[in-house]
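Beneath this line is the structure, given in C-alpha cells, with notes to follow.
Only this structure's heavy atoms are used, side chains among them; waters, hydrogens and symmetry mates stay out. Residue numbers start from 1 in every chain, and the chains themselves are labelled A, B, ... in the order their sequence lines are given, proteins ahead of strands.
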Amino acid sequence: MLESLHEWNLAPGPARALQSQLAQRLELEDRIDPVKHIAGVDIGFEDCGETTRAAVVVLRWDSATAPDLTVVEQVVHREPTRMPYIPGLLSFREIPAALGAFAKLETSPELVMVDGQGIAHPRGLGVAAHLGLWLDLPTIGVAKSRLYGKHAEVGEQRGDWTPLLAGTETIGAVLRSRAKVKPLFISPGNRITLETSLAWVTACLGKTKLPEPTRLADRLASRRDSR
DNA sequence: GCGACAG
DNA sequence: ATCTTGTCGC
C-alpha cells in the first residue's frame with residue numbers, strides 16, 4: 001500500500017508527527033483472545049550494522065502446565081538496515097525487519113512481548129506500541145532501560161514495582177524482575193492495560209532478568225544461536 | 001542554551 | 001545495538 005511505502009522512509013520531523021497521530025489509534029484496554037501462544041521479538045545487527053536481523057520466538061502457553069513454556073517456533077529474518085538509531089524513533093529502524101519475520105511465521109500468537117518501550121515514550125508510541133498497531137495484536141513493551149517518564153526507587157524484592165509517570169499519568173511500571181539486577185521498564189503497547197501487561201510479564205518470568213519470550217528472542221537475535 | 005536519550 | 005575473556009557469586 002502507498003502509506004506503508006512512505007511510513008518507513010520519513011525524515012525525523014515527519015516521523016515524529018506520525019507517531020503523535022498513530023498514538024491516538026492505540027487501544028489501551030484489554031482486547032485479547034484466549035492466549036495459547038506468546039511471541040517474543042527482538043532485533044540484532046550484523047556486518048557492522050549494515051544488516052538488521054529480526055528474531056521472533058513463539059512459546060506455547062498452557063494454563064494447565066503454567067508457568068511452563070515450550071518453544072513451538074522461531075524465525076529469523078534479515079534485511080538491509082534502513083536508518084540509524086535515533087532516540088525516540090527506534091520503531092522506524094526496527095519494525096520493517098520485525099514485520100518480515102512475522103510474515104514468515106506459521107503460528108499466530110495472541111500476545112506479543114517486544115524488547116523496547118510501549119507507550120512509555122515522548123509521543124506515546126514506542127516500538128511495542130507501533131508494532132502492535134501494524135500487527136493488530138496485544139503487545140507489551142519490555143525495555144531494559146528508561147527512555148521516558150519518572151519514577152521512585154523500586155523495591156529490592158523480585159516482583160516489586162513502582163509506577164512510571166508522565167506528570168500524573170501512569171504510563172508504565174518499573175519492575176524488579178530479579179533481586180540485585182537493574183529493573184525492567186514495562187509498558188502496554190496496544191490492546192492491553194498496564195495491569196494485564198504486568199501479570200503476563202510476571203507469569204513468563206523464569207530464573208533470569210528477562211521474561212522468557214524476550215529472553216529467547218534476544219538470544220536468537222544476538223547471533224549466537226541464529227547460526 | 002544545556003542535558004537526556006529504548007536499541 | 002556492537003566490539004569481547006575471564007571471573008566473581010548465588
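Ring centroid separation for the pair A/Phe102 and A/His77 does not come in under the 6.0 Å cut-off.
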Sub-3.5 Å pairs of nitrogen or oxygen atoms, protein against nucleotides 3-10 of chain C:
none

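Taking the charged nitrogens against the carboxylate oxygens, A/Glu110 and A/Lys36 have no contact shorter than 4.0 Å, which rules out a salt bridge. Residues A/Asp62 and A/Arg60 are paired through a salt bridge, judged by an N-O separation under 4.0 Å between the basic side chain and the carboxylate. The pair A/Asp136-A/Arg191 counts as a salt bridge, with a side-chain nitrogen and a carboxylate oxygen less than 4.0 angstrom apart.
Distance CZ (A/Arg146) to C1' (B/dG3): 11 Å, rounded to an integer number of Å. C/dA1 atom P lies 5 Å from atom NZ of A/Lys144, rounded to whole Å. A/Tyr85 has its OH atom 10 Å from the C1' atom of B/dA4, to the nearest Å. The separation between A/Ile186 atom CD1 and B/dA6 atom P is 16 Å, rounded to whole Å. Rounded to an integer number of Å, the gap from A/Lys150 NZ to B/dA6 P is 16 Å. At whole-Å resolution of the value, CG in A/Leu89 and P in B/dC5 are 16 Å apart. Between A/Gln117 atom CD and B/dA6 atom C1' the separation is 5 Å, expressed in whole Å. Between the CG atom of A/Leu147 and the P atom of B/dA6 there is a distance of 6 Å, rounded to whole Å.
An aromatic stacking contact between A/Tyr148 and the base of B/dA6 is absent, as defined here by ring centres under 5.5 Å apart and ring planes under 30° from parallel.
Remark: A/Ser145 is in phosphate contact with B/dG7, judged by side-chain N or O atoms under 4.0 Å from OP1 or OP2. OP1 or OP2 of B/dG7 has not a single side-chain nitrogen or oxygen of A/Arg93 nearer than 4.0 Å.
Base engagement by A/Gly126 is indicated by at least one non-hydrogen atom pair under 4.0 Å involving a base atom. A/Gly88 comes within 4.0 angstrom of a nucleotide base, judged by non-hydrogen atoms across all strands.
A/Phe92 and A/His130 have perpendicular rings, their planes meeting at more than 60° on a 0 to 90° scale where under 30° would count as parallel.
Across A/Ala15 and A/Leu89, no two heavy atoms sit closer than the pair CB-CD2, 4.0 Å.
For the atom pair A/Asp42 CG and A/Arg53 CZ, the distance stands at 9.5 Å (nearest 0.5 Å).
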